[in-house]
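Counting convention: from 1, in listed order, for ligands and their atoms alike. Start at 1 with the first residue, then count along the sequence.
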Amino acid sequence: MIPKQKNYDVVIIGGGMIGSSVAWFLKKHFGFAGSVLVVERDLTYEFASTSHTNSCIRQQFSSELNIRLSQYTVEFMRDFPALMGADAPTLKIQNFGYLYLAADAGQAEALRQAQALQAKLGAGTAILTPDEISALYPFYHLDDIVLGALNTKDEGYFEGSTIFEWFRRCGRDAGVEAVENEVVAIGRDGRKIQDITLKSGEVIGAGVVVNASGTRASAVAVLAGFAPLPIEARCRLTYIIAAENPPQQAVPLTVDPVGFHFRTYGTDGRHFMVGIPPADDVARGADDFSMDHDFWQEHVWPLLASRVPCFEAVRLAHSWAGHYAFNTLDQNAVVGLHPDCDNFIFVNGFSGHGLQQSPGMGRGVAELILHGGYRSLDLSPLGVVRILENRPYLETAVI
Ligand SMILES: Cc1cc2nc3c(=O)[nH]c(=O)nc-3n(C[C@H](O)[C@H](O)[C@H](O)COP(=O)(O)OP(=O)(O)OC[C@H]3O[C@@H](n4cnc5c(N)ncnc54)[C@H](O)[C@@H]3O)c2cc1C
């Protein structure tokens with residue numbers, strides 16, 4: 001698809017959840033009068049992280065900014081019909097909560113510190129002993145656990161795909177142009193990006209370029225003449241199971257210290273979702289979604305059944321491999337202008353928590369474009385400079 005114009009005020013590379021949020025905030029929410037083009041290499045989104053997501057939200061982060069971003073998403077969902085238009089649905093969070101389990105003193109201390117920060121910011125996280133966990137959720141096997149952190153308010157599944165659809169639909173109605181094409185070159189003259197080149201050959205002038213290209217973020221940065229980013233595609237496996245004798249209550253998204261997580265899936269009480277990295281958790285090619293089909297039987301199922309014995313009787317219903325855009329420096333987003341350039345904005349590296357951060361990121365990047373700085377939530381701790389200076393803004397609660 002060829003863009004209608006030769007020049008755009010803003011060109012967004014990548015039309016996944018993040019690029020679509022930036023476009024919506026600019027045109028619909030803030031009423032930007034300029035032209036906005038989204039270039040997306042696959043408008044079916046078959047391989048985008050946005051399509052492989054588990055779509056959960058939590059307050060249980062270890063860094064203040066990530067907690068505040070989730071709190072804004074809760075607010076955004078509450079106001080969804082007012083923001084999108086009267087025919088937009090009301091959104092609810094399926095509040096089964098998150099339960100982080102600690103198996104040693106170091107993990108327990110990290111949970112206690114995170115809980116103190118979360119409580120200061122108004123989140124309802126509680127620290128529980130194994131006996132207290134068993135009283136609430138008798139189905140766990142907890143012999144190796146020293147404590148847990150639980151929050152069942154504003155934590156659980158949310159309808160990310162509905163938000164994605166409305167970002168795109170309302171964005172388009174507000175004048176965002178989206179084309180299926182690929183950015184293959186970026187023209188830069190010193191501090192200014194001049195244009196982008198499409199795979200189909202056209203050169204399109206750009207006032208501002210936003211890099212929202214997910215797992216390809218580093219390759220796109222290199223196209224603009226910047227050093228590569230420490231962001232790589234990392235495979236994450238998702239399994240949907242049906243249980244013969246399921247627990248008789250919702251299972252919180254349980255973050256097991258052994259290195260996997262599981263939760264209630266859907267509302268029929270029989271299905272559950274399990275997420276885990278593959279045995280070799282290394283950088284993947286952006287197009288490599290291969291899966292070891294014995295991994296479930298040989299590795300994941302035994303782990304699951306040792307934590308929840310009634311999961312010894314389950315049937316694997318469905319599974320898929322997806323990619324995190326994984327920031328190897330500090331597992332946090334990279335957002336903002338490059339210090340060597342006045343009109344190239346990064347919004348990348350979400351390391352598995354980008355869906356829930358999309359409203360705050362879209363709003364922040366739109367503010368940066370419109371005002372030259374953040375107006376609501378200061379995203380500068382997540383700026384590019386920390387990457388260049390190798391100064392992590394560490395998030396320890398990464399799933
Ligand atoms: C298994 C799994 C579970 C997850 N669970 C959660 C969760 O529970 N909660 C949560 O908040 N987050 C979760 N995430 C993370 C979340 O899904 C992502 O952070 C989010 O979807 C990222 O959106 P994005 O727009 O940055 O990337 P993407 O959705 O990958 O979109 C980037 C787009 O850029 C396009 N593109 C790339 N290069 C070019 C180019 N040169 N030209 C044109 N287009 C280009 C791609 O085609 C792609 O569509 C999960 C992710 C996975 C994989």
A student checking ligand 1 against His353 at a 4.0 Å heavy-atom cut-off should list atoms 10 (C), 11 (O), 12 (N)
Note: ligand 1 atoms sitting under 4.0 Å from heavy atoms of Val39 are 43 (C), 44 (N)
Ligand 1 atoms nearer than 4.0 angstrom to some heavy atom of Gly214 are 27 (O), 32 (C)
Given the rule in the side chain to side chain contact (heavy atoms under 4.5 Å, CB included) test, do Arg168 and Tyr45 qualify, once you have shown the distances and angles that lead to the verdict?
CA-CA 13 Å; Arg168 285 178 295 153; Tyr45 297 100; 3.5 Å; yes
(message) Check the orientation of His338 and Phe346. Use parallel for under 30°, tilted for 30 to 60°, and perpendicular for over 60°.
(response) tilted
Q. After noting the C-alpha distance and the side-chain angles of Thr254 and Arg307, does the key distance pass the side chain to side chain donor-acceptor pair (under 3.5 Å) rule?
A. CA-CA 10 Å; Thr254 309; Arg307 182 64 67 207; over 6 Å; no
The closest protein heavy-atom partner of atom 40 (C) of ligand 1 is Ile13 CG2, 3.6 Å
From the list Phe260, Phe262, Phe311, Trp296, ring-ring contact (aromatic ring centres under 6.0 Å, His included) with Tyr239 holds only for Trp296
TODO: Check the angle between the aromatic planes of Phe80 and Phe76 and answer parallel, tilted or perpendicular using the 30° and 60° thresholds.
DONE: perpendicular
Ligand 1 atoms nearer than 4.0 angstrom to some heavy atom of His323 are 53 (C)
Using the ring of each side chain (for Trp, its six-membered ring), is His271 parallel, tilted or perpendicular to Tyr265, with breaks at 30° and 60°?
perpendicular
Q) Tyr45 to ligand 1: N or O pair under 3.5 Å? A) no
Gly354, any N or O under 3.5 Å of ligand 1 N or O: yes
Any heavy atom of Phe47 under 4.0 Å from ligand 1? The part involved is neither
key: Nitrogen or oxygen of Met17 less than 3.5 angstrom from that of ligand 1   = yes
Quick look: Ser55 vs ligand 1, heavy-atom contacts under 4.0 Å, and the answer is backbone
- prompt: Should Arg41 be counted as touching ligand 1, given the test is an N or O pair under 3.5 Å?
  reply: yes
Per-atom filter on ligand 1: closer than 4.0 angstrom to a heavy atom of Thr238 are 1 (C)
task: Please confirm whether His52 comes within less than 3.5 Å of ligand 1 when only nitrogen or oxygen atoms on both sides are compared.
output: no
### Query
Does any N/O atom on Leu355 come nearer than 3.5 Å to any N/O atom on ligand 1?
yes
For the side chain of Glu177 and the backbone of Ser35, is there at least one donor-acceptor N/O pair under 3.5 Å apart? no
Closest heavy-atom approach to atom 12 (N) of ligand 1 among Ser49, Ala325, Gly352 is made by Gly352
Atoms of ligand 1 under 4.0 Å from any heavy atom of Phe350, numbered from 1 in the order shown, are 19 (O)
Atom 31 (O) of ligand 1 sits nearest the protein heavy atom Gly16 CA, 3.6 Å
Decide whether an N or O pair under 3.5 Å exists between Glu182 and ligand 1. no
Atom 4 (C) of ligand 1: of Leu43, Ile276, Asn54, the nearest heavy atom sits on Asn54
**Item:** Between Phe47 and His323, ring centroids under 6.0 Å
**Value:** no
Min over Val22, Val347, Thr50 of heavy-atom distance to atom 23 (O) of ligand 1 lands on Thr50
The remaining residues in the hydrophobic cluster of Val385, counting side-chain heavy-atom contacts under 4.5 Å among Ile, Leu, Val, Met, Phe, Trp and Tyr, are none
So does Arg270 get a backbone contact from the side chain of Asp268, meaning a donor-acceptor N/O pair under 3.5 Å? yes
A student checking ligand 1 against Asn181 at a 4.0 Å heavy-atom cut-off should list atoms 43 (C)
Atom 49 (O) of ligand 1 sits nearest the protein heavy atom Glu40 OE1, 2.8 Å
Joining Ile, Leu, Val, Met, Phe, Trp and Tyr whenever any side-chain heavy atoms lie under 4.5 Å apart, the cluster holding Leu121 also takes in Phe61, Ile67, Leu117
Exercise for review: Decide whether Phe272 and Phe295 are clustered together by the hydrophobic rule: side chain heavy atoms of Ile, Leu, Val, Met, Phe, Trp, Tyr closer than 4.5 Å, transitively.
Suggested key: yes
**Report entry** Pair Lys6 + Asp195, salt bridge at N-O below 4.0 Å
**Finding:** no
If we number the atoms of ligand 1 from 1 as shown, the ones under 4.0 Å from a heavy atom of Gln356 are 9 (N), 10 (C), 11 (O)
Under 3.5 Å: N/O of Val183 near N/O of ligand 1
yes
Nearest non-hydrogen contact to atom 9 (N) of ligand 1 from the set Gly349, Ala48, Gly19, Cys56 belongs to Cys56
Practice task
If the plane angle is over 60° it's perpendicular, under 30° parallel, otherwise tilted; pick one for Tyr324 and Phe326.
Solution key: parallel
